Amino acid sequence: MPATSKTAGPRAWQRMLSGRRLDLLDPSPLDVEIIDIAHGLARVARWNGQTKGDHAYSVAQHSLLVEQIFCKITRDVTPECSMAALLHDAPEYVIGDMISPFKATLGDDYKSVEKRLQRAIHQRFTLAPNLPEKLKKAIKRADQIAAFYEATQLAGFDVTEAAKFFGRPRGLPPEGLTLEPQPPKLAQEAFLDRFATIEQERQVTAL
């Protein structure tokens with residue numbers, strides 16, 4: 001066995017289909033590509049795959065739902081705010097979607113990796129590395145509303161149980177929200193289309 005194999009540390013990077021090699025311990029914004037994010041999120045299942053339908057309800061679909069809800073419940077939404085909402089779970093294209101009870105057992109180690117990835121993603125797409133607290137709270141509220149409807153319509157929760165964990169949405173019925181699980185390819189395309197639309201809006205407002 002070569003001597004180098006005894007001293008080399010564990011591999012901490014993942015090769016993406018774009019050809020990028022993303023270091024999980026020290027992620028560079030230069031190695032972040034939207035096509036990799038969309039591809040990965042469209043293939044990561046929410047709720048550990050425990051949802052109704054012929055396909056998993058993916059994190060890509062969840063991200064689109066959160067951004068949709070965010071725009072409905074938030075005043076004076078800017079393209080930057082929409083982009084932040086769309087990318088709120090973007091690190092999961094690398095680390096997957098772990099349910100909250102499992103995240104709690106991993107503690108700070110999981111959170112530190114997630115934060116580093118989120119910071120690199122924000123830098124790649126020229127968002128603030130650390131979002132303003134007001135914006136984070138608004139996105140979190142949209143996330144909770146999305147989770148409530150996913151829980152009750154897809155994941156087998158009853159209304160009382162879902163309200164206990166996520167709060168009961170007020171003034172925003174599920175009608176018009178996209179909660180039908182899609183094949184990965186369609187979810188990926190929808191995510192990329194929404195990203196492109198928001199990015200175009202950002203460029204227009206910057207003129």
Side-chain angles (χ1 to χ4, degrees), residues 27 29 32 34 37-38 40-42 44-47 57-100 103-104 108 110-155 162-174 176-179 187-188 190-202 205-206:
V32 174
I34 192 61
I37 293 174
L41 294 186
V44 174
R46 287 275 291 169
W47 306 95
Y57 190 81
S58 68
V59 176
Q61 285 192 264
H62 167 75
S63 299
L64 288 163
L65 179 63
V66 169
E67 194 266 334
Q68 181 186 15
I69 293 171
F70 172 79
C71 290
K72 288 179 177 291
I73 67 172
T74 308
R75 294 182 178 179
D76 302 322
V77 176
T78 66
E80 280 71 24
C81 293
S82 290
M83 186 65 79
L86 183 68
L87 297 176
H88 79 284
D89 275 342
E92 294 180 6
Y93 89 104
V94 179
I95 57 179
D97 180 34
M98 296 184 185
I99 59 174
S100 296
K103 286 182 182 179
D108 291 340
Y110 175 89
K111 291 179 181 178
S112 64
V113 172
E114 184 180 40
K115 286 179 180 178
R116 285 195 293 268
L117 286 166
Q118 189 69 274
R119 188 177 299 112
I121 291 165
H122 279 196
Q123 290 175 337
R124 172 65 177 85
F125 301 114
T126 62
L127 294 170
N130 297 301
L131 299 179
E133 195 62 30
K134 183 178 179 180
L135 176 56
K136 286 196 294 186
K137 287 182 178 179
I139 294 173
K140 181 63 177 178
R141 182 56 187 145
D143 195 14
Q144 291 173 327
I145 294 171
F148 176 89
Y149 285 129
E150 291 169 6
T152 54
Q153 300 202 20
L154 297 173
K164 176 182 176 181
F165 291 112
F166 311 113
R168 191 185 298 268
R170 302 291 182 185
L172 186 67
L177 301 179
T178 305
L179 286 156
Q188 178 176 337
F191 186 92
L192 287 172
D193 286 347
R194 184 58 186 152
F195 175 89
T197 297
I198 297 172
E199 189 61 23
Q200 186 175 33
E201 291 172 352
R202 293 178 73 194
T205 57

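This is a predicted model, so every value here is computed, not measured. The residues of the chain are indexed from 1 along the displayed sequence.
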Looking at [atom1] of [X] and [atom2] of [Y], how far apart are the two atoms once the value is rounded to the nearest 0.5 Å?
X	Y	atom1	atom2	answer
E92	R46	CD	CZ	7.5 Å
I37	Q188	CD1	CD	11.5 Å
Q118	Q123	CD	CD	11.0 Å
R194	S82	CZ	OG	5.5 Å
T197	L86	OG1	CG	10.0 Å

Minimum heavy-atom distance between [X] and [Y], given as atom pair plus value:
X	Y	result
S63	L41	OG-CD1, 4.2 Å
P91	I121	N-CD1, 3.7 Å
L64	A187	CD1-O, 4.5 Å
P174	Q153	CB-NE2, 3.2 Å
G167	F148	O-CD1, 3.4 Å
Y149	L177	CD1-CD1, 3.8 Å

- Query: Tell me the ring pair (Phe, Tyr, Trp, His ring centres under 6.0 Å) pairs involving residues 113-135, sequence neighbours left out?
  - Reply: F125-F195
- Message: Measuring only between side-chain heavy atoms, which start at C-beta, is V59 closer than 4.5 Å to Y93?
- Response: no
- Query: With side chains defined as the heavy atoms from C-beta onward, is the minimum distance between L117 and I95 less than 4.5 Å?
  - Reply: yes
- Sequence neighbours excluded, the answer for salt bridge (Lys or Arg N to Asp or Glu O under 4.0 Å) partners of E199 is R202
- Task: Check salt bridge (Lys or Arg N to Asp or Glu O under 4.0 Å) between R119 and all other residues, then give those that pass, not counting sequence neighbours.
- Result: none
- Message: Checking A151 now: which residues fulfil side chain to side chain contact (heavy atoms under 4.5 Å, CB included) with it, not counting sequence neighbours?
- Response: W47, F157, A162, F166
Return all side-chain donor-acceptor pairs below 3.5 angstrom for residues 130-145, not counting sequence neighbours, or 'none' if the list is empty.
{"from": "E133", "atom 1": "OE1", "to": "K136", "atom 2": "NZ", "distance (Å)": "3.4"}
{"from": "D143", "atom 1": "OD1", "to": "H62", "atom 2": "NE2", "distance (Å)": "2.9"}

Between side-chain atoms of residues 68-77 and protein atoms elsewhere (two or more places apart, or another chain), which donor-acceptor pairs fall under 3.5 Å?
{"from": "Q68", "atom 1": "NE2", "to": "G176", "atom 2": "O", "distance (Å)": "2.9"}
{"from": "T74", "atom 1": "OG1", "to": "F70", "atom 2": "O", "distance (Å)": "2.8"}

